Structure formats: C-alpha cells, structure tokens
Amino acid sequence: MSSTLDALNRWVDDVARLTRPARIHWCDGSDAENAALVAQMEADGTLVRLNESTHPRSWLHRSHPEDVARVEHLTFVCTPHQDDAGPNNHWMAPAEAHARIDALFEGCMEGRTLYVIPYCMGPIDSPLSRCGVEITDSPYVVANMRIMTRMGAAALTRIEREGTFVKGLHSTGELDPERRYIMHFPEELTIKSYGSGYGGNALLGKKCHALRIASHQARREGWLAEHMLILGVENPQGETHYIAAAFPSACGKTNLAMLIPPEGYREAGWKVWTIGDDICWMRPGEDGRFYAINPEAGFFGVAPGTSAKSNPNALASVQSDTVFTNVGLTADRQPWWEGIDNGQVPAIDWQGQPYDPAVRPAAHPNSRFTVSAMRCPSYSPMAEDPRGVPISAIVFGGRRASLVPLVFQARDWTHGVLVGASMGSETTAAATGAVGVMRRDPMAMKPFCGYNFADYFAHWLSFDRPGARLPAIFHVNWFRKGDDGKFLWPGFGDNLRVLEWIIGRVAGHAQATETPIGHLPAPGALNLDGLSLDAEAMDKLFGVDRDGWRAEFDAIAGYLADYGPRMPPQLEAERQRTHSRLVGTGDT
Ligand code: SAT
Ligand code: MN
C-alpha cells in the first residue's frame with residue numbers, strides 16, 4: 001500500500017478511536033451506494049420523498065430549526081500566530097482549538113456509521129484541482145458531497161498518486177448551537193467541524209476546503225481561490241469571453257451564472273454559458289492570462305426567489321435528482337418556496353407544520369437546492385476542461401441600496417484590487433445574524449479568506465508583474481434603490497446589457513467616461529433599448545455622487561487602517577489618489 005493510503009488509514013483509525021463509531025464505510029461514489037443511503041434516510045425520516053411524477057428521484061431534508069445557515073461567530077482559523085489569521089477571522093491557538101473540539105468529538109459516533117469520503121475539487125484530471133477526504137457521521141452530507149464534488153474511487157486514486165489531501169472531520173453532534181465549532185488548521189491542511197449539519201458548515205469540500213484552506217494553499221503556490229461564479233458570454237460572432245464575479249452569499253451569483261439573455265439578445269445570437277456559481281480557482285497560465293476552474297460539481301443554490309422568470313435554468317435543473325433543504329411542500333408533495341411563482345400553494349412549511357403565513361414563511365429564507373451541474377441546461381462543456389477557461393474580466397459586486405452606480409471599471413489592476421478590498425454589502429440570510437446591515441466584505445471573502453486580509457490584498461497585488469495579461473476589473477451593483485425604496489435596475493436577464501459593455505471594454509470598443517471612482521459607461525454606450533428608466537434611475541445608476549463617495553472613501557480609510565502595518569502601502573496610496581480626485585485636487 002502507498003504511504004499516502006497508509007497515512008489516510010492511520011487517520012481514519014485515529015478518528016475511529018476518538019469518535020467510536022459502530023461501523024466504518026468507505027464511500028465509492030457509486031449509484032448503488034447512493035441508493036442504499038437514500039433508502040436508509042427515507043426510512044429514518046432524514047429525507048422525505050417528493051412527488052415522484054413531478055420531481056423524480058428528489059428529496060426534502062428538514063434541518064434542525066436552529067441549524068439553517070453558516071455560523072461565522074463559531075468559525076475559527078487556527079494559525080500558530082494570531083496575526084496570520086488577521087482581524088478578518090476569529091482565531092484560536094491550534095493546540096487549544098484541537099483540545100476543545102476533540103473533547104466534543106469524543107465518543108460522538110457511538111452507534112452511528114463513520115463515512116469516509118474521498119473527493120476531488122475540480123475536474124479529476126485537472127492540474128488545478130485539489131483533493132480532500134471528509135470523515136462524517138451524516139449520510140445527508142455524503143449525499144450532498146456526492147453531488148457537489150467528484151467523490152469516490154477516482155478521487156482516491158488521485159489522492160494516492162498525488163500524495164496529499166486536505167483532512168476534514170465532521171460530526172453533526174447534538175446540533176446544539178452551544179456545542180458547535182467550525183475550525184480550520186491551514187498549516188495542517190485540516191478542518192474540524194462539530195455540531196451542525198448545514199451546508200457551508202458541514203459539506204467541508206465547499207467553503208472550508210475550497211475557500212478557507214485553498215486560499216491559504218493558493219497564496220503559497222501562486223494562485224487565487226475566490227468566492228466567484230464563472231460564466232461565458234458568447235457574442236453573435238461566436239466569440240466567448242469568460243468572466244469571474246464575486247458577490248457575497250445570497251446576492252444572485254447563481255442567477256447571474258445561469259442568465260438567460262433578453263429576447264432581443266437571444267434573437268441576435270447571444271448565449272450565456274455556466275461554468276460555476278460559487279467558487280473559482282484561477283492561476284496565471286504560460287501565456288500570462290488567468291485560467292479558472294470551478295472546483296465544484298454541483299450547485300448549492302438559494303431556493304427562495306427562484307422562478308421561471310428569475311432563473312429558468314436553475315428551475316429546469318431542479319426538476320429531478322435534487323436534494324432540497326428547508327423548503328415548503330404543496331399538498332401533493334412538490335417543493336415550494338416564496339417567489340417560485342408557479343401558481344401552486346404551499347401546504348406544509350419547512351418545519352413540517354401546516355403552512356400559516358402568520359407563523360413563518362413556507363420556505364426558510366436560506367433554504368437550498370443541491371443539484372448536479374450536469375443538469376443545468378446552460379452548463380458549459382468547457383467546465384470540464386482540465387486547462388480551465390481564460391478569464392477576460394473580474395467583477396466585484398454587492399447589495400448597495402445607495403451610492404454605488406450600476407457599473408464602473410477600475411483604472412488598472414491596483415485600483416481594481418482597491419475596489420475589491422473596499423467592497424461593501426448588506427448582510428443576507430446565508431449567515432446567522434441581522435439581515436440588511438451594510439458591512440465591508442472585501443472580494444466577498446470576509447467569511448471565507450483563510451488568512452490575514454492584509455496579506456491577501458498583497459497577494460492579489462503581486463499578480464501585476466512583467467508578462468502578466470491581467471483580467472480587467474469592474475464593479476457592479478444590481479441593487480440600487482430609488483427614493484421610493486424600489487430597485488431601479490431590472491436585473492436578471494437584463495444584466496447581460498452590463499456584461500456586454502464589460503466585454504466591449506475588454507475588446508477595446510465600448511466607450512467610457514472617466515470619473516474619480518473609475519470608468520463609467522459613456523452616454524449611449526450601454527444598451528438600454530426597450531427599458532424605460534426615468535430620470536432618477538438614469539442619474540443614480542450612471543452618476544457619481546462626489547460627496548457620498550468622499551464619505552465612503554473616508555470610511556474605507558478607517559477600514560484599511562484596522563489591518564495595521566501589514567496592509568500593503570500601495571492600497572492606501574491608491575485610496576488617497578482616488579480621494580484626491582474626489583476633492584478635485586488630483587487629476588481626474
Ligand atoms: O452555506 S454555504 O456557505 O455553502 C452557501 C453560502 O453561504 O454561500
Ligand atoms: Mn457562496
């Protein structure tokens with residue numbers, strides 16, 4: 001046996017000694033294995049079978065009502081030195097963290113099965129992919145990991161060949177919020193998660209590995225692990241530009257990744273291809289361009305708001321072979337959520353009680369679907385290409401009701417890094433805590449960067465070097481509101497108008513106006529045909545409120561200063577340059 005498999009076996013033995021499971025099951029990822037697991041979960045009530053004629057091979061899982069979102073306050077990055085985790089992470093010394101969480105793991109799998117899940121993040125034959133092994137006592141986690149990763153025998157073979165893997169140990173424990181931790185040990189390539197069965201806390205390949213641990217690996221190895229969707233925009237000439245876009249959780253990454261062009265664009269021959277909806281791993285290739293893969297194999301998308309109008313590709317994807325978590329049910333056991341808009345009505349809410357709108361919504365606001373990417377009609381064949389796709393543009397965005405215009409382009413890479421570093425967004429139901437509060441969420445990585453943000457920004461800046469053919473950087477805001485509190489931009493399919501301008505900028509033909517915050521579309525450069533935007537909308541979507549931006553840049557100064565001397569001085573210098581443009585003392 002290879003030494004890697006030896007090491008894996010020893011780790012499984014050690015974990016089994018600590019957790020004392022009744023059985024150990026090595027997952028091979030086969031259909032037969034999945035069928036047996038699903039049958040077992042149906043029998044014990046973990047899964048409820050949905051209407052087989054409308055939603056074949058699909059299931060509903062209801063989680064514990066207090067276990068419905070990521071728990072950022074219980075998520076730790078445990079580096080030997082606190083400074084390496086940075087003010088952006090909760091930190092605990094590794095020895096203390098291991099001791100605390102191992103005490104919870106002690107005997108926690110008694111009477112249960114311990115599953116060993118070898119998985120590969122990214123196409124199995126891509127040099128950009130990385131592997132891991134998750135140990136869990138949750139068959140629901142196994143079923144989800146099977147959809148979200150390349151899991152089983154092929155991953156194990158790659159692990160054996162490569163000689164390295166990320167170790168993830170998970171137990172649902174008692175689902176007691178008082179006995180819950182999500183801990184990361186980047187130096188040890190190790191994750192330990194106890195007390196939650198929810199997505200980002202329990203499917204360890206996703207946020208824990210593919211972002212927190214991978215961001216750390218990426219810094220060491222010269223690449224980027226980002227909270228970004230990846231899509232391809234094909235123009236009527238048949239040229240495809242790939243765009244990576246970072247938005248915080250539950251801000252529409254899945255909708256943008258699966259966008260269907262408005263009718264006029266469709267008729268003209270525009271197409272949008274989906275590569276990924278949540279995570280992007282990218283690195284400079286030999287030609288100096290960034291090449292990106294989606295490390296995931298499925299979508300763990302937010303259900304509420306998904307409809308035939310807002311995201312027909314997602315809706316088509318979830319017609320079969322889908323695991324739903326915390327959605328409501330119709331009387332004939334079809335899944336239902338707020339905004340599904342399909343003419344049906346809910347009978348049972350996400351807690352399994354008769355639906356009463358006075359008590360709670362039918363679906364939890366962070367209810368989700370888990371489905372294979374292969375089921376998505378717009379899934380790009382290029383998503384499986386081991387070389388990845390070349391990235392033309394990087395887009396940052398958040399939920400900003402005020403101030404931030406529809407789109408602007410950064411002047412250059414350093415300015416773009418500042419734009420990403422100073423991103424703000426209103427919080428959503430994807431994490432526990434207050435919703436709708438503006439917070440800084442640099443590059444949408446606030447909950448996911450596995451090391452000090454100051455070092456992370458320096459790592460981003462380091463890609464600007466001789467020979468690099470860097471993507472252009474943009475910022476978008478689909479969520480600008482008018483004085484009446486209503487959204488000013490139609491969003492969804494019409495966002496293609498903005499993407500068209502973005503790739504026009506990359507190709508060098510779309511016109512822009514220079515402003516202190518960056519390049520905005522020149523009047524008439526962004527196609528608004530067929531939309532009726534009033535004067536207020538035009539002003540707010542395409543204008544720069546200098547007073548407001550001055551205040552924003554003062555706030556950004558305070559935010560960057562919180563990181564102390566580790567913050568790369570280029571960022572503060574860039575901020576000052578923008579600030580002086582705003583007060584009119586610098587060049588424009
Ligand atoms: O729960 S996940 O972290 O997987 C989804 C999200 O919040 O982005
Ligand atoms: Mn996400």
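Just follow the structure's listing: the first ligand is 1, and inside any ligand the first atom is 1. Just so it is clear, the model here is predicted, and its values are computed rather than measured.
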Novice: By number and element, which atoms of ligand 1 are closer than 4.0 Å to a non-hydrogen atom of Ser249?
Specialist: 6 (C), 7 (O), 8 (O)
Novice: Between atom OG of Ser63 and atom CG of Asn201, what is the distance when rounded to the nearest 0.5 Å?
Specialist: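 Output value for this atom pair is 10.5 Å.
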Novice: Give a yes or no on whether the backbone of Leu50 and the side-chain of Gln334 come within a donor-acceptor separation of less than 3.5 Å.
Specialist: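 Checking the backbone N and O of Leu50 against the side chain of Gln334, no donor-acceptor pair under 3.5 Å is found.
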Novice: Do Tyr115 and His25 make the cut of ring centroids closer than 6.0 angstrom?
Specialist: yes
Novice: Are Trp413 and Trp460 close enough that their ring centers fall under 6.0 Å?
Specialist: yes
Novice: For atom 7 (O) of ligand 1, tell me which residue out of Glu72, His227, Lys253, Arg70 has the closest non-hydrogen atom.
Specialist: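 Nearest option to atom 7 (O) of ligand 1, by heavy atoms: Arg70.
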Novice: Rounded to the nearest 0.5 Å, what separation is found between the CD atom of Gln82 and the NE2 atom of His90?
Specialist: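 The distance works out to 11.5 Å.
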Novice: Would Gly200 count as a polar contact of ligand 1, with the cut-off being nitrogen or oxygen pairs under 3.5 Å?
Specialist: yes
Novice: Could you tell me, atom by atom, which parts of ligand 1 come under 4.0 Å of a heavy atom of Ala430?
Specialist: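 Per the distance check, 7 (O).
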Novice: Which atoms from ligand 1 have a heavy atom of Phe300 less than 4.0 Å away?
Specialist: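 Close to Phe300: 1 (O), 4 (O).
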Novice: Looking only at N/O atoms, are Lys206 and ligand 1 under 3.5 Å apart anywhere?
Specialist: no
Novice: Need the ligand 1 atom indices (1-based, order shown) with element for anything under 4.0 Å from a heavy-atom of Arg368.
Specialist: 5 (C), 6 (C), 7 (O)
Novice: Among all protein non-hydrogen atoms, which one is nearest to atom 1 (O) of ligand 1, and what is the separation to 0.1 Å?
Specialist: Tyr198 OH, 2.7 Å
Novice: Charged N to carboxylate O under 4.0 angstrom, Arg439 versus Glu72?
Specialist: yes
Novice: Looking at Glu384 and Arg150, is there a salt bridge between them, counting it only when a charged N and a carboxylate O are closer than 4.0 Å?
Specialist: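 The answer is yes: the pair qualifies as a salt bridge.
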Novice: Would you say CD of Glu42 has more than 12 non-hydrogen atoms from neighbouring residues, nucleotides or ligands within 6.0 angstrom?
Specialist: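 Above 12, so yes.
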Novice: Would you mind counting protein N, O or S atoms that sit less than 2.8 Å from the Mn ion (ligand 2)?
Specialist: 3
Novice: I need the single residue from Thr325, Asn366, Asn326, Asp67 that forms a side chain to side chain donor-acceptor pair (under 3.5 Å) with Tyr198. Which is it?
Specialist: Asn366
Novice: Note the single closest protein heavy atom to atom 8 (O) of ligand 1, along with its residue, its atom name and the distance in Å.
Specialist: Lys207 NZ, 2.4 Å
Novice: For the pair Glu221 and Arg130, find out whether any cationic side-chain nitrogen is under 4.0 Å from an anionic carboxylate oxygen.
Specialist: yes
